[in-house]
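Only one structure is covered here, and it is reproduced in the block below.
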Amino acid sequence: MNAPLSPYTAPPTPRPVSSHTLSVLVDNEPGVLARVVGMFSGRGYNIASLTVAEVAHADHVSRITIVTAGTPEEIEQVTLQLDRLVPVHSVTDLTLRGEAVERELAMIKVAGRGEDRQEALRLAEAFRARVVDASTASFVFELTGAASKIDHFVELMRPIGLVEVSRTGVAAIARGPEKTP
Amino acid sequence: MSASPIPAAQGAKQVTGAPQMTGAQMVLQVLREQGVTTLFGYPGGAVLPIYDQLYGQGDIRHVLVRHEQGAAHAAEGYARSSGKVGVLLVTSGPGATNAVTGLTDALLDSIPLVCITGQVPSHLIGSDAFQECDTVGITRHCTKHNYLVRSVEDLARTLHEAFYVAASGRPGPVVVDIPKDVQFARGTYVTKRSVPEHKTYRPRVEPEIARVEQAVALMAQARRPVFYTGGGVINSGPEASKLLRELVQLTGFPITSTLMGLGSYPASGPAWLGMLGMHGTYEANHAMHDCDVMINIGARFDDRITGRLDAFSPDSAKIHVDIDPTSINKTVRVAVPVIGDCTEVLRAMLDLWKARDLKADASALAEWWRAIDKWRGRKSLSFRPSTEVIKPQHAVRRLHALTKHRETYITTEVGQHQMWAAQHYDFEEPNRWMTSGGLGTMGYGLPAAIGTQMAHPDALVIDIAGEGSILMNMQEMSTALQYRLPVKVFILNNEYLGMVRQWQELLHGKRYSESYSHSLPDFVKLADAYGALGLRVSDPADLDATIQAMIDEPRAVIVDCVVSKEENCYPMIPSGKAHNEMLMPDDWDVDLDRVVDAKGRELV
């Protein structure tokens with residue numbers, strides 16, 4: 001017999017889960033970030049990355065960029081649930097729209113001497129990472145790019161002497177001349 | 001131009017003429033401007049300036065509840081029975097946290113409330129001050145929106161906005177948290193008219209006409225259609241019910257409603273199938289399962305309605321009318337979503353149906369009605385009558401028979417009695433039925449009855465209760481007496497938390513863990529202690545006389561109606577089952593282990 005299916009016991013849908021980048025314009029009022037984040041935790045959606053900063057000071061508008069993963073149905077629900085929050089101006093699924101630029105900044109601390117140090121510098125050059133701090137035993141690299149590029153660089157640094165990583169999360173914007181609605 | 005000083009003086013007056021007042025005065029002024037005449041509340045340290053303003057004025061009637069949860073439910077009852085925004089006023093800390101259950105209840109049932117909470121003075125916020133709690137943090141998840149007002153200059157605008165947000169789109173509760181120093185501070189009052197349009201919140205009310213066209217085209221092709229309507233029709237206002245009735249009559253389609261939607265179509269109407277869902281009728285659930293076009297108007301495919309999702313109405317094309325886009329495709333995929341207010345959508349549907357002179361296939365419809373009549377023949381709401389003991393279903397039916405010719409409002413608590421009330425009290429009008437549907441809050445009924453009676457002072461208001469639920473907000477009897485509200489509490493007393501007992505019987509091997517109501521008070525003496533009339537009835541022969549005595553009594557009444565103890569609420573779709581796998585009243589002796597499997601037991 002088929003297992004009963006209800007909102008309580010529905011097993012994880014076998015449908016493919018994909019990653020989407022959502023751009024959310026909000027009124028920059030106290031607690032707005034808590035509302036957005038609380039919607040995710042309260043309804044059981046996940047946040048892979050989140051960035052937030054004021055983008056129009058005079059209008060008190062902030063842009064929250066959220067990377068989340070889910071089935072198409074889940075992503076649609078997330079988008080609608082975000083749009084329902086009172087201080088939200090607009091929600092744009094940049095992945096669905098296609099043609100968006102996504103960038104992330106990371107700072108990566110690597111420690112080591114001798115050959116490792118040379119190798120770290122060579123790789124940094126290949127990735128166009130900048131040295132923003134150096135000591136006789138360490139470097140801090142600054143790297144900007146797609147999240148996957150940063151992932152790749154971090155993996156390469158691991159055997160060389162990776163100490164720690166700090167990342168900003170993804171900032172994204174649609175290509176072309178139009179303003180995001 | 002003369003050098004007369006008069007124009008200059010007038011100009012100066014315009015600049016400084018905006019009324020200056022304290023924050024507490026602003027609260028009262030906003031309430032007056034918003035047309036609020038009744039306020040439910042409980043004073044405390046952090047709202048004293050507002051209570052000071054309430055003193056000695058005559059515009060707004062304050063109802064002193066006995067617990068803040070009561071204030072929230074009373075405001076809900078007021079809102080649901082009148083269509084207005086319900087308003088409550090509570091203090092900081094425990095005042096706010098006590099209101100949380102009522103706020104959550106209002107959120108789940110989409111009831112417009114404005115809850116004003118006092119807060120400790122601004123400079124003490126975050127210091128764990130006496131009676132401080134993070135009210136906006138705590139209520140963020142149980143309100144539609146909430147505000148902490150940091151400056152008196154923002155207060156009037158914020159309060160007006162709170163009323164707008166509470167009542168617009170899908171209604172819901174809104175909290176405005178006001179620190180005590182803001183209540184004392186002087187500032188400029190902003191009138192309702194001078195508040196600009198909301199920057200971000202502008203819900204769509206008018207439907208997209210192309211969607212309505214698709215919906216109507218689908219309806220016209222239907223061979224086995226069914227209307228499935230919900231609380232959205234009630235929330236949209238009496239006009240929506242009127243339009244719905246017209247559309248049902250015009251199309252000749254059958255109609256069923258959710259618990260929240262009862263009364264939008266009259267129970268005496270020819271197309272009425274009764275309530276659907278877990279305790280819905282056989283004909284309603286089978287019509288939902290077998291239909292080919294489902295027209296959902298203002299309902300949200302709640303799990304109490306759908307049962308097993310993968311077997312929910314498998315062969316139908318679904319139309320979903322909802323004002324909240326998140327309701328679309330949340331649990332059930334639909335063919336035609338229509339975003340808009342039920343009144344507007346129903347009007348557009350009617351206009352199109354008439355303009356195009358549409359008709360569904362008459363012979364297919366006749367065949368569909370024949371199938372429905374066969375299901376109706378199962379008489380799924382029947383019960384074994386008794387002359388020895390009062391059957392709870394019989395008690396509700398008699399209550400209906402003896403009150404139906406009056407303007408009667410029914411509230412309930414939560415449990416078996418609630419389902420029996422929904423099944424056996426035949427509602428003819430919208431806004432006459434106040435029950436906690438989404439959250440299922442025991443203790444809802446009595447305060448909701450108080451709020452309803454405040455809105456309808458001359459009407460008959462009855463709380464159909466259970467002996468378990470009524471004790472959860474029993475203290476509100478005192479409120480009823482203080483304001484001489486003649487609310488009638490009709491307790492179906494079976495000495496059990498009946499729905500818990502029923503589930504334990506069906507799903508937990510008849511192990512009645514903690515579901516027997518030990519040490520009950522003597523409800524007749526309790527009524528007497530409050531200054532109300534207490535009546536007890538246990539003989540079916542005395543039932544009518546007792547109900548009549550309850551109706552005739554000008555004071556509040558508690559009726560302790562002693563009913564059969566182990567009656568179960570049927571029909572029932574066991575958890576994890578489909579609409580066509582119902583337990584019926586004549587299935588009493590079935591092997592339950594065969595009916596409900598282990599997986600079903602895990603569900604709620």
Side-chain angles (χ1 to χ4, degrees), chain A residues 1-15 24-45 56 58-64 70-93 181, chain B residues 134 136-137 140-150 154 158 161-162 164-166 168-170 172 174 177 198-203 301-304 306-312 324-333 339 574-578 581 596-604:
Chain A
M1 196 195 122
N2 290 332
L5 191 63
S6 87
Y8 301 99
T9 57
T13 28
R15 266 188 292 256
V24 187
L25 284 174
V26 299
D27 239 24
N28 189 13
E29 60 173 42
V32 65
L33 183 61
R35 278 180 219 287
V36 168
V37 172
M39 192 286 288
F40 276 82
S41 62
R43 293 186 181 269
Y45 304 122
D59 302 332
H60 302 289
V61 172
S62 290
R63 189 187 296 277
I64 302 178
T71 62
E73 292 80 8
E74 283 167 350
I75 300 292
E76 187 190 20
Q77 259 300 300
V78 168
T79 309
L80 292 170
Q81 291 286 355
L82 284 170
D83 205 32
R84 186 163 76 147
L85 300 174
V86 170
V88 168
H89 285 272
S90 69
V91 185
T92 309
D93 185 336
Chain B
D134 176 7
V136 284
R140 192 170 291 131
H141 301 275
C142 64
T143 54
K144 184 174 171 186
H145 196 49
N146 61 13
Y147 305 87
L148 170 62
V149 182
R150 287 154 193 275
D154 296 334
T158 305
E161 191 178 308
Y164 165 76
V165 171
S168 313
R170 181 176 183 171
V174 177
D177 198 26
H198 199 281
K199 271 197 285 186
T200 50
Y201 187 67
R202 295 169 200 170
F301 296 110
D302 177 85
D303 58 78
R304 282 294 179 275
T306 61
R308 184 176 157 179
L309 264 182
D310 63 351
F312 173 69
D324 180 359
T326 68
S327 292
I328 307 291
N329 294 337
K330 186 164 68 178
T331 53
V332 173
R333 302 292 294 180
I339 308 288
S575 291
K577 292 287 166 182
E581 300 175 282
V596 181
D597 49 47
K599 204 79 185 161
R601 259 188 288 273
E602 294 171 13
L603 308 179
V604 293

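Naming convention: chains lettered A, B, ... in sequence-line order (proteins, then strands); numbering from 1 in each chain. Fair warning: this is a prediction, and the values are worked out from it, not measured in the lab.
For A:Val86, the parts sitting under 4.5 Å from any heavy atom of chain B are the backbone and the side chain alike. Residue B:Arg202 does not touch chain A at all, counting heavy-atom pairs closer than 4.5 Å. Using a 4.5 Å cut-off between heavy atoms, B:Ile328 touches chain A through its backbone atoms (N, CA, C, O) alone.
Interface check for chain A: of the options B:Lys199, B:Arg150, B:Lys144, the most heavy-atom pairs under 4.5 Å are formed by B:Lys199. Most heavy-atom pairs under 4.5 Å with chain A: of the set B:His198, B:Arg170, B:His145, B:His141, this distinction falls to B:His145.
Within residues 32-39 of chain A, the residues having any heavy atom closer than 4.5 Å to a heavy atom of chain B are A:Ala34, A:Arg35, A:Gly38, listed by residue number.
Residues A:Glu76 and B:Asn329 share a closest heavy-atom pair of OE1-ND2, 4.0 Å.
Atoms CD and CG, from A:Glu29 and B:Asp154 in turn, are 11.0 Å apart once rounded to the nearest 0.5 Å. Summarising the geometry, atom CG belonging to A:Leu82 is positioned 11.0 Å from atom OG1 belonging to B:Thr326; distances are rounded to the nearest 0.5 Å. Within the model, atoms NZ of B:Lys330 and CG of A:Leu80 stand 11.0 Å from one another, a figure rounded to the nearest 0.5 Å. Note that CG of B:Asp324 and CZ of A:Arg84 are 4.5 Å apart. Values are rounded to the nearest 0.5 Å.
Residue B:Arg140 places its CZ atom among more than 12 non-hydrogen atoms of other residues, nucleotides or ligands, all under 6.0 Å distant.
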